[in-house]
Amino acid sequence: MTEELHPLAQSLLQWYDQNGRELPWREEVPDPYKVWVSEIMLQQTRVEAVREFYHRWLERFPTLQALAVADEEDVLRYWNGLGYYSRARNLQAGAREVCNQYGGRFPEEREAALALPGIGAYTAGAILSIVYGKAEPAVDGNVLRVFSRLFCLEGSVQKSALRRAVEAEVVRIQPRQRPGDFNQAIMDLGALVCIPKQPRCHRCPLHLLCQAAESGRAAEFPQRQAKKAVPVEEMQAVMLCWQGRYLLRRRPKRGLLAEMWEFPTWPQAAAGEEKIANRLGELLRVRVTSEREWGKVEHVFTHRIWRMQFITMQLQGEPEPLPEGYVWWSPAVDQAVVLAGPHRKVAQRLLEEQK
Ligand code: SF4
């Protein structure tokens, strides 16, 4: 029996059939692995920025199995530039779990999908609806914006109450026949028409059904709480060069930029040039002296900003062999080393200086 579609779903799907975006991971028969990779890459990154990374990734890790058996360094290298490296690690851990527990096939059940590393309600809903045709909501920022406008839903986007209200509306309207297309249609509408600033209501297929458009209140939704000021941390990083190579240190296993390589860095308040020189001197068993400021780099994380001062230092003699967790590194030669975001900017500049 043909399902009677909600008028919103009908208009939206008609629009999607003609205007939906052509994206490399949208295939006639969607592949769960490809959809999974794309959804993780797209978190807080624009589609245009993701395309190139996605193609490179699939050339190197064409299947879930290829990702599961890959070396972690390699995985991080191919993620390099997308930020949030824990996503890449989770993706690989998830691939391994799917191989070990589900014979390499992404699970069809919501609970099983949610139990995989790095998979939250949005990603599970997106994969299950797009790949397996399950009627599951997939509520991300785009969907929150579109639905809060469609129904003039009050409440801050940062609060779970609004998310729950939107999920309930999606579940009510989502057609059983094309749930994945419905989810993707809202995402596309949010990206192309119901955009954050100045929504293009005159071009919107839902114009006549939209409560915010009807009452001229589209700009009021979604509502937001005032942003808290992001703390700024002053940091000092050392560029210690010996025989054309720089000293790098591996960051701890947990926490910010976990396990990535960096020019040794300390919070300014706890360090100071002299203390840092002494610490490095003890490490290398040779006198280290401070030279000059090389430059400044600002790096914005989600919850903090690092304002980093890079200082060059010099060795006054031959250093001892390095302990574990340190390497001598050359920007031109050792490109396989995965540098943490702010340090990558410096490496890029060093490479340009050497040209
Ligand atoms: Fe968004 Fe305007 Fe469409 Fe309403 S009519 S969904 S506010 S673009």
Side-chain angles (χ1 to χ4, degrees), residues 3-23 25-26 35 38-39 42-51 120-123 125-126 128-130 133-227:
E3 177 190 10
E4 197 177 325
L5 296 186
H6 188 287
L8 264 172
Q10 200 166 12
S11 304
L12 195 57
L13 287 171
Q14 261 172 16
W15 173 84
Y16 178 69
D17 288 339
Q18 286 164 14
N19 301 283
R21 291 174 294 179
E22 279 184 23
L23 301 173
W25 45 88
R26 283 189 184 164
V35 175
S38 70
E39 288 299 342
L42 283 167
Q43 288 171 11
Q44 295 183 7
T45 313
R46 288 176 309 106
V47 165
E48 287 320 310
V50 161
R51 278 181 200 265
Y122 166 76
T123 314
L128 297 183
S129 63
I130 294 169
K134 303 260 177 180
E136 293 280 352
V139 176
D140 68 350
N142 272 334
V143 181
L144 280 174
R145 184 171 61 253
V146 175
F147 268 70
S148 66
R149 286 172 176 170
L150 281 173
F151 298 100
C152 286
L153 296 174
E154 307 276 338
S156 158
V157 271
Q158 292 105 317
K159 298 278 180 190
S160 53
L162 179 68
R163 181 170 296 269
R164 282 199 300 274
V166 168
E167 263 178 15
E169 291 296 349
V170 172
V171 168
R172 187 169 69 82
I173 295 165
Q174 190 175 37
R176 301 292 170 267
Q177 293 162 7
R178 298 176 63 189
D181 284 350
F182 178 79
N183 282 342
Q184 293 182 102
I186 310 170
M187 293 172 202
D188 285 11
L189 192 80
L192 302 173
V193 180
C194 194
I195 51 179
K197 287 180 191 153
Q198 298 177 334
R200 297 161 179 154
C201 300
H202 57 288
R203 286 174 42 190
C204 180
L206 309 180
H207 184 79
L208 295 175
L209 303 164
C210 175
Q211 294 180 19
E214 190 184 322
S215 54
R217 297 175 63 203
E220 289 175 34
F221 297 94
Q223 297 172 344
R224 296 183 181 280
Q225 281 175 323
K227 271 191 184 166

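Numbering of ligands and ligand atoms starts at 1, following listing order. Counting begins at 1 with the first residue of the sequence.
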Undergrad: What is the number of protein N, O or S atoms that sit under 2.8 Å away from atom 3 (Fe) of ligand 1?
TA: 1

Undergrad: Taking it one step at a time, do Arg26 and Gln184 satisfy side-chain hydrogen bond (donor to acceptor under 3.5 Å, both in side chains)?
TA: CA-CA 10 Å; Arg26 283 189 184 164; Gln184 293 182 102; 2.9 Å; yes

Undergrad: Can you give each donor-acceptor pair under 3.5 Å made by side-chain atoms of residues 192-209, sequence neighbours left out, with the distance rounded to 0.1 Å?
TA:
unit_1: Arg200; atom_1: NH1; unit_2: Leu192; atom_2: O; d: 2.7
unit_1: His207; atom_1: ND1; unit_2: Cys201; atom_2: O; d: 3.0

Undergrad: Determine, step by step, whether Phe151 and Leu8 satisfy the side chain to side chain contact (heavy atoms under 4.5 Å, CB included) criterion, reporting the C-alpha distance in whole Å, the side-chain angles of both residues, the deciding distance to 0.1 Å, and the verdict.
TA: CA-CA 12 Å; Phe151 298 100; Leu8 264 172; 3.6 Å; yes

Undergrad: Test Ser148 against Gln223 for side chain to side chain contact (heavy atoms under 4.5 Å, CB included), laying out the working first.
TA: CA-CA 8 Å; Ser148 66; Gln223 297 172 344; over 6 Å; no

Undergrad: For a side chain to side chain contact (heavy atoms under 4.5 Å, CB included) check, start with the C-alpha distance between Gln43 and Thr123, then their side-chain angles and the critical distance, and finish with the verdict.
TA: CA-CA 9 Å; Gln43 288 171 11; Thr123 314; 3.4 Å; yes

Undergrad: Tell me whether Arg164 is salt-bridged to Glu167, with the criterion being a basic N under 4.0 Å from an acidic carboxylate O.
TA: no

